[in-house]
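Only one structure is covered here, and it is reproduced in the block below.
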There are 2 protein chains.
Amino acid sequence: MRWSGLPPLNTLLPFEATVRHASMTAAAQELHVTHGAVSRQVQNLERSLGTSLFERQTRALRPTPQARQLAAIVRDALDQIDAAARQISQHTPAGPLTLSCEPTLLMRWLIPRLPDLAVNVPDVTVHLSAGGGPVFFERDNIDLAIRRDDFPFPEEVSRTRLFAERIGPVCRPDLAARLTGAADLTGAALLHTSTRPQAWDDWRRITGMKAEPASQQTLEHFYLTLQAAAAGVGIAIAPYAVVRDDLERGQLVAPFGFVPDGTSYHLLSRQPPEQDGRVRQLTAWLRAKTSQLENESEQV
Amino acid sequence: MRWSGLPPLNTLLPFEATVRHASMTAAAQELHVTHGAVSRQVQNLERSLGTSLFERQTRALRPTPQARQLAAIVRDALDQIDAAARQISQHTPAGPLTLSCEPTLLMRWLIPRLPDLAVNVPDVTVHLSAGGGPVFFERDNIDLAIRRDDFPFPEEVSRTRLFAERIGPVCRPDLAARLTGAADLTGAALLHTSTRPQAWDDWRRITGMKAEPASQQTLEHFYLTLQAAAAGVGIAIAPYAVVRDDLERGQLVAPFGFVPDGTSYHLLSRQPPEQDGRVRQLTAWLRAKTSQLENESEQV
DNA sequence: TCGCATACGTGAATTTTACTCACAGGTCTT
DNA sequence: AAGACCTGTGAGTAAAATTCACGTATGCGA
């Protein structure tokens, strides 16, 4: 009888996000669901309250004043619960989590973001471990692993898709001047990476571009290759994620943009998926940061 | 990322109720689910927080201090949301709801509880309508109806079970003195009701008790029959619900208790089930009041 | 004014989650 | 020692949430 006016609680998150963004599509992106799911939950809430909460103008969605007010209250209420839940979670033993990640992604994407992690997920201390290929959770005492799905994952691990791999040639800005507008890379010096020797071939196959190199060189790791590219030695082929900071700083440019190669990065975890508060928080942070990577796909 | 510590919201209600009652079984009763459902939701929450929230002593469940604190916060948060939701619901048109109910139940059970309804569900104004048998929602402009399932309900109406019918003989206390302890009702004056002529037969069949009446009399309605019983005319056979107030006041007694006759009372509503805030509130109140009826089954 | 991109709604199918049922194990009561 | 009570749990079922694919309406650029 108490709380007989309470709407279905599961509708609250989609609703709040929709009000905040004034858009179901944006809310859906934030919550990592389709806009259809959000649409239906918002409808549920509206039916439950017996009122329309948004002005539907085909282009834009306008939350009514009531909706804004309700959203504010919901935000507040969830904040309280969240805070209480965090406190309880963190008061429990809570050792550090060990996260395994492919070396280059670790060095050039994850490590630069650790300060942000420390700010946004202060409750969790993370140990990092560079590694690729199959994950041995038990043997290596690993809790979470980021891996590209270029090999089969064991059935029993829980997986969360993070972002699509997109690869493209990168080089020093002054070298790019000679290339931009050109239909192919013929005559350039191509830098290969021995841990992913087929990267250039993949790219040529996907884009149909030619690349008859004047010279070629193979280096051990992506980060060495990128170092060489930044030094002006030649043109490297690299995943977007590992070079996006360099692109932003202008140390590298990607004259031909990036193309998906069909693979994706996933977050793997052992049996109990994200029923652990720390794992949940870390997962949420990773999903937020990596979805940013995906949204930047436009700016290629 | 915000709210990454948030546990599954659906676990909160069962959890809060469990803390409040220090019992899953009691919480389950309150929420009208089985104890198994509550047990699982509480486990979900505990897994999500990574902590145990109750001390399990086989006999009793003891919420930890953390659990109490969390429950208090949840209570508070849900209060806020509930209040906001009510306000929005009630700000919308919200005409009165019409509730149809079988005449005797209406007069002897529902009407005496209207003051309680007014206090606990102030937002909703209810129109009452006495009626039995098939419900014509559209034609008679009825929103909700309470009916016994002694006839088939149409497929498309939404139904909520309220309580089991239990019937038993009742009479004036001084008359009961002669009966109590006796194996049968032979020689008594039996009062029948023409709207349910088979009630005495049902009771005899279920209990196996004999009743060779010295005299018999048939009255039009249960409330007339009960009037007669209270006047000492004879023994009536009545549903528990309609006489429980009389029993409490001592105006009638039920020397043989009450037995389920296999039927139940249900709340019927037209298409949109309880997606309307007013309907939801009224339903919640009815369920609370009627579940009380069922819990009293012990005291027969 | 014609695509074209964007954003929401929706029927059908699917996956996930919640719930019930029936039983097990443990303790307190009588 | 038997019965009442409470919680946990495996298996099966019911319900809810989500996706997918498609439909519609509109603003925007050519």
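Reminder, nothing fancy here: chain letters follow the sequence lines and each chain counts from 1.
Side-chain contact annotation: B:T290 with B:E294, donor-acceptor N/O pair under 3.5 Å absent. Looking at A:R280 and B:S4, their side chains never bring a donor and an acceptor atom within 3.5 Å of each other.
Regarding A:Q29, its CD atom lies at a distance of 17 Å from the C1' atom of D:dT18, rounded to whole Å. B:L53 places its CG atom 15 Å from the P atom of D:dT7, with the value rounded to the nearest Å. The NE2 atom of A:H35 sits 17 Å away from the P atom of D:dA17 (whole-angstrom rounding). Here D:dA16 presents its P atom at 11 Å from CG of A:N10, a figure rounded to the nearest Å.
Contact annotation for B:R40: base contact, defined as any heavy-atom pair under 4.0 Å involving a base atom.
Scanning DNA chain C 5' to 3' for nucleotides with an atom closer than 4.0 angstrom to a non-hydrogen atom of chain A gives a first and last hit of C:dT6 to C:dA12.
Considering only side-chain atoms of A:A37, the nucleotide from D:dG8, D:dA17, D:dT19 that sits closest is D:dT19. Taking only side-chain atoms of A:T34, from C-beta outward, the nucleotide of D:dC20, D:dG10, D:dG8 with the closest atom is D:dC20.
In this structure the side chain of A:L31 reaches within 4.5 angstrom of the side chain of A:P14, judged on heavy atoms.
In this structure, A:Q57 does not reach the D:dG27 phosphate: none of its side-chain N or O atoms is under 4.0 Å from OP1 or OP2.
Taken from CZ in B:R2 to CZ in A:R20, the straight-line distance is 6.5 Å, to the nearest 0.5 Å.
Of the residues in residues 11-25 of chain A, those lying under 4.0 Å from DNA chain C by heavy-atom distance are A:S23, A:M24, A:T25.
A search for side chain to side chain donor-acceptor pair (under 3.5 Å) contacts involving A:T263 returns A:R148, A:D261, not counting sequence neighbours.
Ring-centre distance between A:F258 and A:F256: not below the 6.0 Å cut-off.
Ion pairing between a basic and an acidic side chain is recognised when a charged N comes within 4.0 Å of a carboxylate O; A:D79 and A:R75 show no such pairing. Of the charged side-chain nitrogens involved, at least one lies within less than 4.0 Å of a carboxylate oxygen, so that B:R56 and B:E46 count as a salt-bridged pair.
Aromatic ring pairs are classed by plane angle as parallel below 30°, tilted from 30° to 60° and perpendicular above 60°; the pair B:F15 and B:F54 is perpendicular.
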